[in-house]
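Just so it is clear: chains get the letters A, B, ... in the order the sequence lines come, proteins before strands, and each one is counted from 1. Computed from heavy atoms alone, side chains included, the values below leave out hydrogens, waters and symmetry copies.
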Amino acid sequence: MGEPAATAAILAAAGVLLVLAGLASPLSNRLGVPVLVVFLALGMAAGSEGLGGIPFDDYELAFRLGTIALVLILFDGGLNTDPTVLRRAALPAGLLATIGVVATAALVALGGLALGLEPVTALIVGAVVSSTDAAATFAVLRSSGVRLRESTAATLEVESGLNDPMAILLTTIATEIALEHAVGAGSVARLLVEQFGVGAVVGVGLGFAARGLLRSVQLPAAGLYPVLTLAIAFLSFGVATLLKGSGFVAVYATGLLLAAGPLPYGAGVRRVHDALAWLSQIMMFTLLGLLVFPSRLLPTLGVGLGLALLLAFVARPLAVAPVLALLRVPRHENAFISWVGLRGAVPIILGAFPAVSGYPRGDEIFHLVFFIVLATSFVPGATVGWVARKLGIADPSPPPPPASLELVSLRDLPGEFVWYHVAPASAVADSYVRDLPMPEGCLVTLVVRGRDVVVPRGSTMFRAGDQVCVFVLPEGRPLLDLLFGGAPEER
Amino acid sequence: MKISDILVQDAVILDLTARAKRDVLAEMAKALANAEPGLDEARLLDVLAEREKLQSTGIGEAVAIPHGKLPGLSRLLASFARSREGVDFDSIDGHSTHLFFLLVVPEHSGGQHLKALARISRFLRDASFRKRLLEAATRDEVVRAIEEEDAKF
């Protein structure tokens, strides 16, 4: 095929796949499985053994795209971590993301050994599947209409952010061991310190520099800000990796630092990175679906199923519960966190690492990991809502805000529009707008009641079920949260 | 409206024995019901728990303001309790909570409810007031601290 035609064919195929992926996403709600599984299935269907018949077994390309995708996903994860949530959950999540990840990896590796895998293969598989994905959990929760208590949600969210770089680190190291580049405890420890240390230093350093830069430059167009943040993400990954550190640790740290301070044009920047992260996930999952040969999944059925069950019922609970018990997390909450270690995009992308690095059994590992992730999204994944309700830690979720209002400005302006939901137990229920002790500089701007929009006057009464949009300055937020009963967070 | 006017002095607890969120609410509800005969303790606890489900009233800085509406009540009631060890109240800043102001109001108390909440939270934003409450040795010292704060605004 000549040149415009070849590119056109690829773009057309990608377009068809993405449209199908988008159209298929409502299916996940109905089936109660993470939406990404639907993309995987689509990729498989389009693949050489499916209806599409597209032949694809280029691990090299998948790896390169996967790395870019991971950088974008991790940076977005960091960028979306609320600093107050991070501080709250730092201790439990930090322990889970370090001790928890290592323990999970070790337990799965032991299970793999017991099921007859080669020691090195077992080690890699353990490392690859050790990270969790909160987005998968939250997506399933949202579709089953339950809301988690804040401390539980915060722990899950921060854990899943922090443990991605950790799992990547472990996988890199396990692969190094497999290729006999790192032999002996000494060199493994050095590798660990080097990867983590250099990654963290570069990530934090660049994060601070980027914050200063973003605050001092005046770009002529709002659209240039996300370009700058994207460049920062690439730089962070690139520089750290070239200096022999973990670029993934670096890019996540940079994202966290940018999120911790005021970010000019923050809402717009975040939206662009959210979109990039989604695109990365869809692209990766569809691509990885293409890469899988269902016929090669069959031989891994026994071991894969065994490891998936082990991961869900033994490894995750054993690695998590003692840590949380030590921190005196209430028992039912502990049980829930131990149960919902959903796996997402990261392990599947990591699953392709060994094959690309030239490990001879890489193909087997990839198919095994693929199977494990798929199985865990069906077993704990499909039961998340039910378990949350059973354990009594789910709060009935309030309806999502009916509209979105946002202050868009090139300069950093104080204040934001917050949507409050009036519940029967809210202090404001059945009182008049004029009775609301409004903090200085705050204003009730809009009341949405059912399908009606009410322009609030002093004589307007807040009724249970109302959605109220309030312009809030940061100092006024705590009192309004107390009076309304908190604003439902968007997840 | 002054907080000292609605504070039920006999329900003030200087040393909570409760160590968990639900138990704190129960202990305070019980103390309030003992001091105010006719108050439906079980119902009060339900109302408070219902509000906590929306979002913790632990507003940070070691302070929580559990509150709710109780049908049939004749006037606003407030009580105070203190925990020396601190309790995990699922507070929004993630730290443990030491000072508790409970507010319970009649069903149709209109703006009174909101004003009382705003007033209590304004008092508690003042670090020196929190310190006085934390260090008060007797019930009278607590009451005096609240009265003096009332006189300021």
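- For the pair B:Gln112 and A:Asp435, the minimum side-chain heavy-atom distance is 4.5 Å or more.
- B:Lys69 contributes a side-chain N or O that, together with a main-chain N or O of A:Ala429, makes up a donor-acceptor pair within less than 3.5 Å.
- More than 12 heavy atoms of other shown residues, nucleotides or ligands fall within 6.0 angstrom of atom NZ in B:Lys2.
- Enclosure of atom CZ in B:Arg82 by more than 12 non-hydrogen atoms of other residues, nucleotides or ligands within 6.0 angstrom is indicated.
- Note: A:Asp481 CG to B:Gln55 CD = 5.0 Å, rounded to the nearest 0.5 Å.
- With a 6.0 Å radius and a threshold of 12 heavy atoms from other residues, nucleotides or ligands, B:Lys30 has its NZ atom at or below the threshold.
- Between B:Leu54 and A:Ala423, the closest heavy-atom pair is CD2-CB, 3.4 Å.
- Taking every heavy atom of both residues into account, B:Ala118 and A:Leu479 meet most closely at CA-CD1, 3.7 Å.
- If you measure heavy-atom distances from B:Ser121 to chain A, the contacts under 4.5 Å come from the side chain alone.
- For A:Arg434, the CZ atom is densely surrounded, since the number of other residues' heavy atoms within 6.0 Å is greater than 12.
- Taking NE2 from B:His67 and CG from A:Leu483, the interatomic distance works out to 7.0 Å, rounded to the nearest 0.5 Å.
- By the 6.0 Å contact criterion, CZ on A:Arg331 is open, its count of non-hydrogen atoms from other residues, nucleotides or ligands being 12 or less.
- Taking a 6.0 Å sphere around OH of A:Tyr432, one finds it holds 12 or fewer heavy atoms contributed by other residues, nucleotides or ligands.
- What you find for A:Ser431 and B:Leu114 is that their closest heavy atoms are OG-CD1, 3.3 Å.
- In terms of heavy-atom pairs under 4.5 Å with chain A, the best-connected choice from B:Ile92, B:Leu103, B:Leu48 is B:Ile92.
- Contact detail for A:Ala427 and B:Leu117: the closest heavy-atom pair is CB-CD1, 3.5 Å.
- Rounded to the nearest 0.5 angstrom, B:Arg125 CZ and A:Glu475 CD are separated by 9.5 Å.
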